[in-house]
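Here the structure is laid out as C-alpha cells; the discussion comes afterwards.
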Amino acid sequence: MQSRNILFIVEGANDEPKFIRKLFNVCYRDIYNTYSYKTSIHVLANHIEKYYPDFDDGFTDILGILKECESDPDELQILNNQYTDIFLIFDFDPQDQFANFGMIKRMLKYYTDSTNQGKLFINYPMMQSYKHFQSLPDDDFKNRTVSVDQCQNYKYHIGQISSYTNVEAYNYATFVSLAVHHLRKANYILKGVYEELNQENYLEVDSTLIYDKQFSLLTELNQIFVLNTCIFIMIDFNPKHFFHSISNNRSSFLI
C-alpha cells in the first residue's frame with residue numbers, strides 16, 4: 001500500500017499535536033504534518049460563512065481558505081504541500097461567544113472524506129475528552145455529560161480527575177481501550193445502546209446525527225455528552241485491523 005502523507009488541521013497548538021504525535025509513534029509509520037489554526041471552529045465557521053457561503057459546492061479548498069489567513073512562511077509551507085489525507089480536528093465549545101452551530105453542521109455534512117475535501121472530527125466538549133476517565137474499563141462513561149458552565153474550566157477539571165493525563169505513557173492497548181469506550185458512547189448517543197459498533201455499522205455512522213443529538217441535549221438541558229471523535233482516526237486508518245483486534249484480543253485491552 002502506498003504510504004500516506006497526512007495533514008491534521010487542529011485547533012490547538014499543544015494538546016492535539018502531542019496526542020497525534022504519540023498516536024503515530026505507537027500505531028503508525030505514515031508521514032504527517034500538523035497545522036494549528038489556533039482559534040475555535042466557530043471563528044472558522046463564521047469566516048467561511050462570510051467569505052465562502054457556497055463552500056460546499058465542491059469548488060472550495062480548505063487549504064486555500066486557510067492560506068488566505070496565514071502569514072507565517074513556515075505555516076504556509078505546510079499548507080502548500082500535497083496530501084493524501086486531510087483531517088480537521090476541532091472542539092464543540094458550546095460556550096463560545098461566536099457560536100455558529102448551523103454553519104458547523106454544514107461543515108460536518110461536507111467534510112466527510114479525508115482523501116477528498118477532508119474529514120472533520122468534533123470533540124465534545126473539547127479535545128481533552130479523550131482522557132475523561134479515572135479508571136478503565138469505565139461503564140459509567142455511558143452517561144457522562146458536562147454542562148455549558150463546566151465547559152469553562154473543562155481542561156483544569158480533567159487534569160484533576162483523569163488517571164490518563166500523561167499521553168506519553170500511552171501504549172497501543174491504551175489507545176484502543178479509549179477508542180472502544182468512545183465508540184460505545186457514540187453508539188449510545190445514536191441508538192441508546194452502550195456497545196461497540198461493528199465495522200460495517202461504524203462505517204455508516206453519520207457524524208451530523210451525533211451533532212444533532214448533542215445540539216438537542218444542549219438546547220433542552222444546557223449540557224452535552226462527553227465524547228471524543230478524533231480518536232476514531234485510528235479506526236478510520238484501518239477499520240478491519242481495529243475491529244479484528246478487539247474481537248480476537250479482548251483480554252489485552254481495558255474494555
Side-chain angles (χ1 to χ4, degrees), residues 1-93 103-104 106-123 126-128 130 167-168 170 172 175 179 203 207 228-242:
M1 181 182 295
Q2 183 180 3
S3 178
R4 288 169 165 168
N5 183 22
I6 304 156
L7 176 64
F8 291 98
I9 300 168
V10 302
E11 179 169 330
N14 183 40
D15 288 351
E16 290 92 340
K18 184 184 295 185
F19 178 87
I20 293 166
R21 182 170 60 249
K22 185 61 179 181
L23 178 66
F24 271 71
N25 286 343
V26 169
C27 303
Y28 307 108
R29 294 296 179 265
D30 298 274
I31 299 169
Y32 74 92
N33 267 314
T34 56
Y35 172 79
S36 298
Y37 184 60
K38 300 185 182 71
T39 190
S40 76
I41 192 172
H42 298 282
V43 172
L44 178 59
N46 285 316
H47 177 82
I48 292 175
E49 185 176 50
K50 181 177 180 179
Y51 295 104
Y52 304 93
D54 299 319
F55 77 98
D56 43 5
D57 61 8
F59 296 100
T60 306
D61 176 18
I62 184 63
L63 298 183
I65 293 174
L66 295 174
K67 280 189 283 189
E68 290 185 357
C69 303
E70 184 58 67
S71 58
D72 185 287
D74 292 332
E75 298 296 286
L76 278 171
Q77 182 57 53
I78 292 174
L79 296 174
N80 279 324
N81 290 339
Q82 297 294 315
Y83 298 99
T84 61
D85 298 81
I86 297 175
F87 295 98
L88 300 91
I89 301 173
F90 283 89
D91 299 341
F92 184 57
D93 279 345
M103 194 62 181
I104 292 172
R106 279 182 64 189
M107 292 170 68
L108 270 172
K109 293 178 71 174
Y110 179 67
Y111 294 115
T112 59
D113 185 349
S114 68
T115 64
N116 190 358
Q117 66 271 31
K119 184 167 184 177
L120 172 61
F121 291 93
I122 293 183
N123 298 311
M126 56 190 65
M127 178 64 190
Q128 291 72 22
Y130 75 85
V167 71
E168 296 300 332
Y170 287 15
Y172 181 72
F175 279 113
L203 294 174
S207 59
N228 186 280
T229 65
C230 85
I231 201 168
F232 296 157
I233 289 169
M234 70 179 303
I235 307 177
D236 277 29
F237 268 35
N238 194 334
K240 183 177 180 180
H241 175 73
F242 179 86

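The first residue of the sequence shown is numbered 1, and numbering continues consecutively from there.
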Do [X] and [Y] meet the criterion of a side-chain donor-acceptor pair at a distance under 3.5 Å?
| X | Y | result |
| --- | --- | --- |
| D113 | Q117 | no |
| N5 | Q82 | no |
| Y35 | E70 | yes |

Are any non-hydrogen side-chain atoms of [X] and [Y] less than 4.5 angstrom apart?
| X | Y | result |
| --- | --- | --- |
| N123 | T229 | yes |
| I104 | F90 | no |
| I233 | Y28 | no |
| D54 | F59 | no |
| D30 | T84 | no |
| I41 | D93 | no |
| I122 | S207 | no |
| M107 | L44 | yes |

Just by distance, do the side chain of [X] and the backbone of [Y] share a donor-acceptor pair under 3.5 Å?
| X | Y | value |
| --- | --- | --- |
| D85 | I6 | no |
| E16 | V10 | no |
| Y32 | R4 | no |
| H42 | F92 | yes |
| D72 | E75 | yes |

So with a 6.0 Å cut-off around NZ of K109, is the heavy-atom count from everything else above 12? no

Would the number of heavy atoms belonging to other residues, nucleotides or ligands and lying under 6.0 Å from OH of Y172 be above 12? yes

State yes or no: are the ring centers of F237 and F24 separated by less than 6.0 Å?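 Between F237 and F24, the centre distance is under 6.0 Å.
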
Do F175 and F19 have their ring centres less than 6.0 Å from each other?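 Centroid separation for F175 and F19: below 6.0 Å.
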
Calculate, to the nearest 0.5 Å, the distance between atoms [atom1] and [atom2] belonging to [X] and [Y] respectively.
| X | Y | atom1 | atom2 | answer |
| --- | --- | --- | --- | --- |
| C230 | L88 | SG | CG | 12.0 Å |
| L108 | F121 | CG | CZ | 10.5 Å |
| M127 | I20 | CE | CD1 | 6.5 Å |
| F8 | S114 | CZ | OG | 9.0 Å |

Assess whether side chain to side chain contact (heavy atoms under 4.5 Å, CB included) is satisfied between F87 and K119, documenting all intermediate values. CA-CA 5 Å; F87 295 98; K119 184 167 184 177; 4.2 Å; yes

Side chain to side chain contact (heavy atoms under 4.5 Å, CB included) assessment of Y110 paired with T60: CA-CA 11 Å; Y110 179 67; T60 306; 5.8 Å; no

Which pair of heavy atoms, one from M126 and one from N228, lies closest together, and at what distance?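 For M126 versus N228, the nearest heavy atoms are O-ND2, 4.4 Å.
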
Stepwise side chain to side chain contact (heavy atoms under 4.5 Å, CB included) check, I78 with L7: CA-CA 8 Å; I78 292 174; L7 176 64; 3.7 Å; yes

Please walk me through it: do N80 and K67 pass side chain to side chain contact (heavy atoms under 4.5 Å, CB included)? CA-CA 8 Å; N80 279 324; K67 280 189 283 189; 3.1 Å; yes

Should the pair H47 and Y52 be assigned to parallel (<30°), tilted (30 to 60°) or perpendicular (>60°) ring geometry? tilted

